[in-house]
Each structure stands twice: as structure tokens, then as C-alpha cells.
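Please read the structure below before turning to the comments.
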Amino acid sequence: MADILTLVFRTFMSQTGLQKDLSAAPPPPTARSALLVGEPNISRSVLLLAAVTAASEAGMRVIFFSQTQIQSLPASLPIFFFLLLKKIRFSYPRTVEELLQQVASLHEPTNTSPTPPSLIIVDRLESFLRAPGEQSCAAHLCALLCDTAAFLTHILGQQSSSAAPCRVLASFQSEVDPGQRGGEASATQPVLDVLDRYFLVRYTLDRDTGYEATAAGLQEIWHIYLSGSGVTEVSGAKDCEDTPAVAQDRSLDVLLELDPSIKGGTQSLKSKFLLSQKVF
Amino acid sequence: MLKMRQFLPAVAEQLFRDIQKSYQETSQIPDDLLIPLKFVFGPCALQALDLVDRHSVTCLSSPSGRKAFQVMGGSGCLYTCFVSCHYCPCPAFAYTVLCRNEGLLCKHILAIYLCQAMGVTQQASVSDQQMSLLLSETAAPWHRNVWCCVQQVDQCPQVHRNSMDPTPC
């Protein structure tokens with residue numbers, strides 16, 4: 001999944017950036033599931049860009065689940081990208097039960113012919129997880145998403161499709177300020193712990209409120225922290241054999257030029273991403 | 001074999017491989033494997049072996065090729081588990097594994113691993129729509145009826161295998 005997000009960042013990278021080093025972009029982890037944690041507006045924009053990028057660059061069939069209707073798209077999208085929207089199926093389940101039913105039915109022939117979806121996106125998981133017992137419900141939903149992706153990967157493999165494997169991408173708004181690591185646990189932390197069990201890579205989006213960011217005017221700088229077992233596996237695989245694999249957090253600095261007009265809950269991005277990678 | 005082994009530590013994976021090898025050769029699990037099983041998985045090891053003895057694990061398949069496991073618990077409740085990752089709707093999984101992070105898995109998932117290693121998993125067929133329903137629902141009393149119907153259908157070749165009509169066959 002991280003390969004799609006990396007592609008998103010590359011496609012929409014700033015041409016006027018301060019630092020531009022594509023080779024420093026994170027290596028695409030083998031992990032097929034990724035979780036975006038951060039503000040819902042920016043997360044939704046990244047999800048939409050990921051959906052469009054997957055449909056255009058990789059020819060994938062995408063299914064996009066969201067509780068609230070998409071009313072606007074990132075303004076930065078070139079006009080021809082809008083033609084690709086027919087490759088994306090938007091679905092608006094109202095409850096977690098409806099979402100579970102719709103995900104569970106993706107294996108049925110009506111959903112897999114002629115080709116099954118190879119990217120499943122869920123916008124704002126937290127909006128579906130408000131009932132009591134949400135930890136177990138979150139585990140059920142994530143396990144179903146991962147199991148469905150594994151099954152669809154098998155089907156895509158049988159069809160020798162270039163769109164294989166099937167990936168899962170979801171967003172979640174945590175009450176924890178991502179900039180305050182080690183802070184007090186919030187009400188959403190137990191759910192986030194459950195999500196981390198199933199999503200192999202987590203992208204934590206954190207807006208930079210420092211001096212440089214303020215001086216950038218309309219642009220906002222976002223730090224994206226990569227964590228999870230998917231990232232660790234890649235780091236470990238790259239280590240020498242006699243060097244113990246050390247879990248490494250990776251981060252991206254992303255410069256976003258924001259369109260002042262925000263429509264329908266989707267923050268429009270004149271999306272110019274600037275990547276610089278730090279490993280620490 | 002199960003795809004969800006990636007979620008297990010290496011010691012548990014090796015243990016299941018040893019159990020599989022030993023059971024294929026001798027049709028039993030020796031004490032020198034039962035002891036580490038108890039050591040790794042704690043008290044749920046014995047409960048899982050009890051479920052194995054009672055043939056409580058069924059692998060459901062649908063025409064689309066989708067599979068899922070169903071385990072009948074000691075109380076008669078049916079729990080649907082996934083093929084490729086760890087999840088069980090039982091209270092022990094929610095409390096011990098998810099909330100307290102004290103266990104790797106519950107007795108139902110352990111029973112699935114053991115049945116797969118020993119080759120004693122029951123097989124049954126359901127329709128694609130029934131599979132969707134089973135995957136999306138948490139444990140509910142009607143699951144027992146579904147399972148009974150599945151068993152009847154599976155054992156009764158003159159009835160269409162995809163039929164879930166609870167009429168006696």
C-alpha cells in the first residue's frame with residue numbers, strides 16, 4: 001500500500017521545493033495495508049489522491065467507502081483525472097454494520113467480475129466506531145478488510161492481473177496529538193492500538209506550526225511519521241545480517257500549498273508535495 | 001496451511017510444524033509437544049485441545065472460493081474466524097488479546113491451528129451470500145442454526161449444497 005502513497009507524493013510533489021530528493025522517498029514496503037492518522041480533511045484529500053493515482057497510474061479498480069458524501073475533489077487534480085472517477089466506486093454506508101456487509105460481499109461474483117477491486121479505501125474509520133465495544137468492532141472490521149484483500153489478491157493472481165495485490169488504505173482521526181508522543185492516552189488510543197495490529201504501516205500526519213511553516217504563507221508543512229511492523233520489516237531486511245534489526249521510525253516532510261477555499265469538508269489541495277526523508 | 005501464520009511468533013510456528021509432523025507419523029501429539037504448547041499458549045491450550053477432540057472446527061467454503069472457519073464453543077455458540085488474520089468474536093479474544101494484550105490468541109483460533117496441523121478440520125459449503133452474512137456478523141444465536149443446516153446440507157448430497165433452507169433432509 002505504501003507504494004501507492006509514495007506514488008501520490010511523487011506525482012504531486014512541489015516543483016518549487018526547497019529540497020527534492022526522490023531517492024530519499026521511503027522504500028515501498030511489502031505491506032499491503034496502511035493507515036493514515038491525522039486530521040480528517042487532509043487525510044481525506046490524501047485518500048482521494050491515492051484513489052485517483054491508483055486508478056490512473058496502475059489501472060486499478062478502486063472502491064472508496066465513506067460515511068459522508070464526497071462533495072468536492074482536490075482542486076489540484078488535472079482535468080483528465082476526473083475522467084478516471086468512473087474507475088472508482090464510491091459507497092456510503094451509514095453504519096458499521098452496513099460497512100461490514102458491503103466489505104464482506106466483495107468476494108461475490110457481482111463484485112469480482114470482470115476484475116475485482118485492487119484498492120479498498122475506508123475514509124474516517126472513527127466515524128464507524130462510535131458504539132460501545134468499539135475495540136472488538138474495530139478488530140472485526142480490520143480483520144475483514146485484510147482477509148478480503150488477501151482473498152482478492154488470490155483472485156487477481158489467478159487472473160494474472162497487473163493490478164495485484166489488493167491493497168487496503170484507511171484513515172483514522174486520533175484524539176492524540178501526534179506531535180506529543182508519549183503523552184497521556186486518549187479515548188481513541190485503545191482503538192488505535194487495535195488498528196495497529198492489522199495495518200502494517202501507519203502514516204501519522206502532523207502539521208508543523210513552527211516559524212518556517214508560518215513564514216510559508218498559504219503553504220503548510222506536514223510531517224508524516226511512518227511506523228508499524230511493515231516499516232520495521234523493510235528496515236530490518238536492509239540491515240546487515242550480523243546487525244540486529246532496529247525498529248526505525250521514518251518521517252517525510254510534506255509541503256502543501258493549500259487552496260483557501262474549502263468545500264464540502266474536503267480540503268482542496270493545490271497539492272504540491274515536497275519530500276525529504278529523515279531516518280532517526 | 002493457514003495464511004495467518006505470519007501473525008505468530010517463530011516459536012509457535014515451529015511448534016505447529018512439529019505437531020503436524022508428529023501427528024502425521026503417529027496420529028498423536030506426544031507429551032514433549034503438549035508441554036511447550038501449554039507453555040506458549042497458557043490455559044487456553046487445554047481448552048483448545050478439548051475443542052479439537054470434539055471436532056468443533058469447520059472450514060466453510062463458498063462457490064467464489066472464499067473460506068472461513070467456524071468454531072463451536074463449549075457453550076454451543078458459534079464463532080466465525082478469518083483465514084488470513086487473527087480475529088474471533090468471543091469475549092476472551094476481546095478482553096485477553098485486544099484489551100489486555102496478554103495472549104496471542106483465544107482457544108478458538110488455537111483450535112483452528114491445531115485442527116489444521118492435525119488435518120481434522122470438518123468441511124462444509126455455503127452460498128456466497130451466506131458467506132457474506134457470516135463474515136459480516138458477529139457471533140449470534142442464529143449462527144447455530146446456520147451451522148446445523150450447513151452440516152445437514154453437507155452430509156446430504158441429494159440436497160443442493162448451496163441451500164440453507166432449514167427443511168429436514
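Chain letters run A, B, ... following the sequence lines, proteins first and then strands; every chain starts at 1.
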Let me know if Thr112(A) has heavy atoms under 4.5 Å from chain B in its side chain, its backbone, both or neither.
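Contact with chain B: none, neither part.
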Relative to chain B, which segment of Leu99(A) carries a heavy atom at a distance below 4.5 Å: side chain, backbone, both, or neither?
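No part of Leu99(A) comes within 4.5 Å of chain B.
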Sort Phe93(B) into side chain, backbone, both or neither according to what part of it lies under 4.5 angstrom from a heavy atom of chain A.
side chain
Which atom of [X] lies closest to which atom of [Y], heavy atoms considered:
X	Y	answer
Asp128(B)	Glu108(A)	O-OE2, 3.7 Å
Arg197(A)	Val97(B)	NH2-O, 2.6 Å
Tyr87(B)	Ala143(A)	CB-CB, 3.5 Å

Out of curiosity, [X] [atom1] to [Y] [atom2], how far, rounded to the nearest 0.5 Å?
X	Y	atom1	atom2	value
Asp193(A)	Leu98(B)	CG	CG	10.0 Å
Ser105(A)	Met131(B)	OG	CE	13.0 Å
Cys85(B)	Asp147(A)	SG	CG	5.5 Å
Ser64(B)	Phe151(A)	OG	CZ	4.0 Å

Would you say the side-chain atoms of Tyr198(A) pair up with the backbone N or O of His86(B), donor to acceptor, closer than 3.5 Å?
yes
Regarding Glu97(A) and Ser136(B), is there a side-chain donor-to-acceptor distance under 3.5 Å anywhere?
no
Test item: [X] and [Y] side chains (from C-beta on) under 4.5 Å apart, heavy atoms:
X	Y	result
Arg66(B)	Leu106(A)	no
Ser132(B)	Gln101(A)	no
His140(A)	Pro89(B)	no

Under 6.0 Å from the OH atom of Tyr95(B), do we count more than 12 heavy atoms belonging to anything else shown?
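No - once you tally the heavy atoms of other residues, nucleotides and ligands closer than 6.0 Å, there are 12 at most.
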Heavy-atom pairs under 4.5 Å with chain B - which of Leu141(A), Ile155(A), Leu144(A) has more of them than the others?
Leu144(A)
